Amino acid sequence: MKTLAITNQKGGVGKTTTCVNLAASLAAQGKRVLLVDLDPQGNATTGSGIDKAQLKHSVYHVLIGANTLQEVIIRCESGRYDVAPSNRDLAGAEVELVNEIAREIRLKTAIVKLGSAYDYVLLDCPPALNLVTVNALTAAHSVMIPMQCEYYALEGLTDLVNTIKKVRIHLNPILEIEGLLRTMLDSRNMLASQVSAQLFKHYGNKVYDTVIPRNIRLAEAPSYGLSALVYDKSSKGAQAYLALAEEIIARNETNTTVTANG
Ligand code: ATP
Ligand code: MG
């Protein structure tokens with residue numbers, strides 16, 4: 001089982017779009033996938049066709065210790081993956097956990113209890129470096145950072161990389177950067193190619209070869225509670241996320257081979 005935190009404290013960079021579409025794309029490759037919504041906005045929940053206003057139990061209840069993850073999981077039938085949903089209740093968790101013991105490892109403990117029920121667990125983080133995000137970074141094997149190739153993107157990346165270093169020292173020594181994902185790319189944008197070049201210079205092979213283009217289908221699909229793969233499989237957006245799933249599977253299987261031999 002591989003747990004991936006999809007995170008970037010910058011808002012609107014494509015974290016949730018990546019979670020929903022990668023979950024569906026990995027499932028289409030035969031992988032067993034759990035998507036954990038860690039944002040009180042509940043966009044990954046809604047985008048998976050689940051009514052966030054009707055939830056009896058959610059990730060909030062898992063973090064405060066009232067429920068197990070198994071008890072809150074709902075199946076996204078169209079995408080063939082499972083969802084641990086969230087809604088605005090989660091906004092209260094930050095305050096309620098302040099004086100609790102082991103508040104940073106709540107999510108990790110809950111995920112460990114799942115055993116090997118899933119091949120991939122994807123954590124959709126909120127746009128903040130808060131306690132919930134720290135829980136995600138503590139629970140994860142690695143971090144995927146979606147980003148737009150803009151001028152300030154690299155600056156924001158430095159803050160995130162520093163947080164990852166701190167989490168590694170204090171809470172999760174195995175945490176690594178899985179990859180940097182370029183999202184909403186407009187191929188005619190000159191600045192984007194310059195930022196891309198900078199990314200490769202600083203982060204080398206951590207940058208995914210797969211690029212997610214700006215594609216209207218990816219923006220339309222959530223309003224139907226569907227991934228783009230189900231909404232319009234032939235769209236450039238859906239095809240890009242299928243390619244990303246293949247790249248991730250290939251990278252992880254190569255790593256396993258290396259470990260097995262070494
Ligand atoms: P937040 O920080 O608020 O959680 P986020 O990082 O999860 O945001 P998304 O919600 O995935 O970002 O995307 C922000 C907006 O951009 C959404 O309206 C989404 O539909 C749209 N969007 C995301 N990726 C693409 C894309 N590749 N092409 C076109 N629109 C996109
Ligand atoms: Mg989001």
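What you see is a predicted model; the values in this text were computed from it and never measured. Atoms within a ligand are numbered from 1 in the order they appear, just like the ligands themselves. Computed over heavy atoms, backbone and side chain alike; hydrogens, waters and symmetry mates excluded.
- The Mg ion (ligand 2) lies under 2.8 Å from an N, O or S atom belonging to Thr16.
- The distance from ligand 1 to the heavy atoms of Val13 drops below 4.0 Å at these ligand atoms: 5 (P), 6 (O), 12 (O).
- What sits closest to atom 27 (N) of ligand 1 on the protein, heavy atoms only, is Pro213 O, 2.9 Å.
- Remark: side-chain polar atoms of Arg32 are paired, donor with acceptor, to backbone N or O of Ala117 under 3.5 angstrom.
- Under a cut-off of 6.0 angstrom, the local environment of NZ in Lys206 is crowded, with over 12 non-hydrogen atoms contributed by other residues, nucleotides or ligands.
- Counting only non-hydrogen atoms, the option in Met184, Arg182, Gln148 that gets closest to atom 24 (N) of ligand 1 is Met184.
- Residue Ile212 approaches ligand 1 through these ligand atoms, each under 4.0 Å from one of its heavy atoms: 27 (N).
- In Arg168, the CZ atom is crowded: over 12 heavy atoms of neighbouring residues, nucleotides or ligands sit closer than 6.0 Å.
- Among all non-hydrogen protein atoms, the one lying nearest atom 10 (O) of ligand 1 is Thr16 CB, 4.1 Å.
- Ranking protein heavy atoms by distance to atom 28 (N) of ligand 1, first place goes to Asn215 N, 2.9 Å.
- Here CG of Asn252 is found 7.0 Å from CG of Leu4. Values are rounded to the nearest 0.5 Å.
- Side chains of Asn130 and Thr133: a donor-acceptor N/O pair is present below 3.5 angstrom, by distance only.
- Salt bridge absent: Arg214 and Asp186 never bring a charged side-chain N and a carboxylate O closer than 4.0 Å.
- For the residues Ala219, Cys19, Gly47, Ala44, the heavy atom positioned nearest atom 30 (N) of ligand 1 is part of Ala219.
- No salt bridge links Arg182 with Glu150; every basic N to acidic carboxylate O contact stays at or beyond 4.0 Å.
- When hydrogens are left out, the protein atom nearest atom 3 (O) of ligand 1 is Gln41 NE2, 3.3 Å; that is the closest non-hydrogen contact.
- Here is the list of ligand 1 atoms found below 4.0 Å of a heavy atom in Asp39: 4 (O).
- For atom 5 (P) of ligand 1, the closest non-hydrogen atom of the protein is Lys15 N, 3.5 Å.
- Between Lys2 and Glu178, at least one side-chain N (NZ, or NE/NH1/NH2) sits under 4.0 Å from a carboxylate O, which counts as a salt bridge.
- Note on Glu220 versus Arg217: salt bridge recorded, some NZ/NE/NH1/NH2 to OD/OE distance being below 4.0 Å.
- The protein heavy-atom contact nearest to atom 1 (P) of ligand 1 is Gly12 N, 3.5 Å.
- Contacts between Thr183 and ligand 1, counted as non-hydrogen atom pairs separated by less than 4.0 Å, are absent for every part of the residue.
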Subject >> Lys166/Thr163 under side chain to side chain contact (heavy atoms under 4.5 Å, CB included): CA gap, chis, key distance, verdict >> reply: CA-CA 5 Å; Lys166 281 186 205 160; Thr163 304; 5.6 Å; no

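- In this structure, atom 19 (C) of ligand 1 has a protein heavy-atom contact shorter than 4.0 Å.
- For atom 17 (C) of ligand 1, the closest heavy atom belonging to the protein is Thr17 OG1, 4.8 Å.
- In this structure, atom 13 (O) of ligand 1 is in close contact with the protein, since a protein heavy atom lies within 4.0 Å of it.
- Taking any N or O of Gly14, backbone or side chain, at least one lies under 3.5 Å from an N or O belonging to ligand 1.
- Both Leu199 and Val161 are assigned to one and the same hydrophobic cluster, defined by single-linkage of ILVMFWY side chains at heavy-atom distances under 4.5 Å.
- Those atoms of ligand 1 with a heavy atom of Gly11 less than 4.0 angstrom away are 2 (O).
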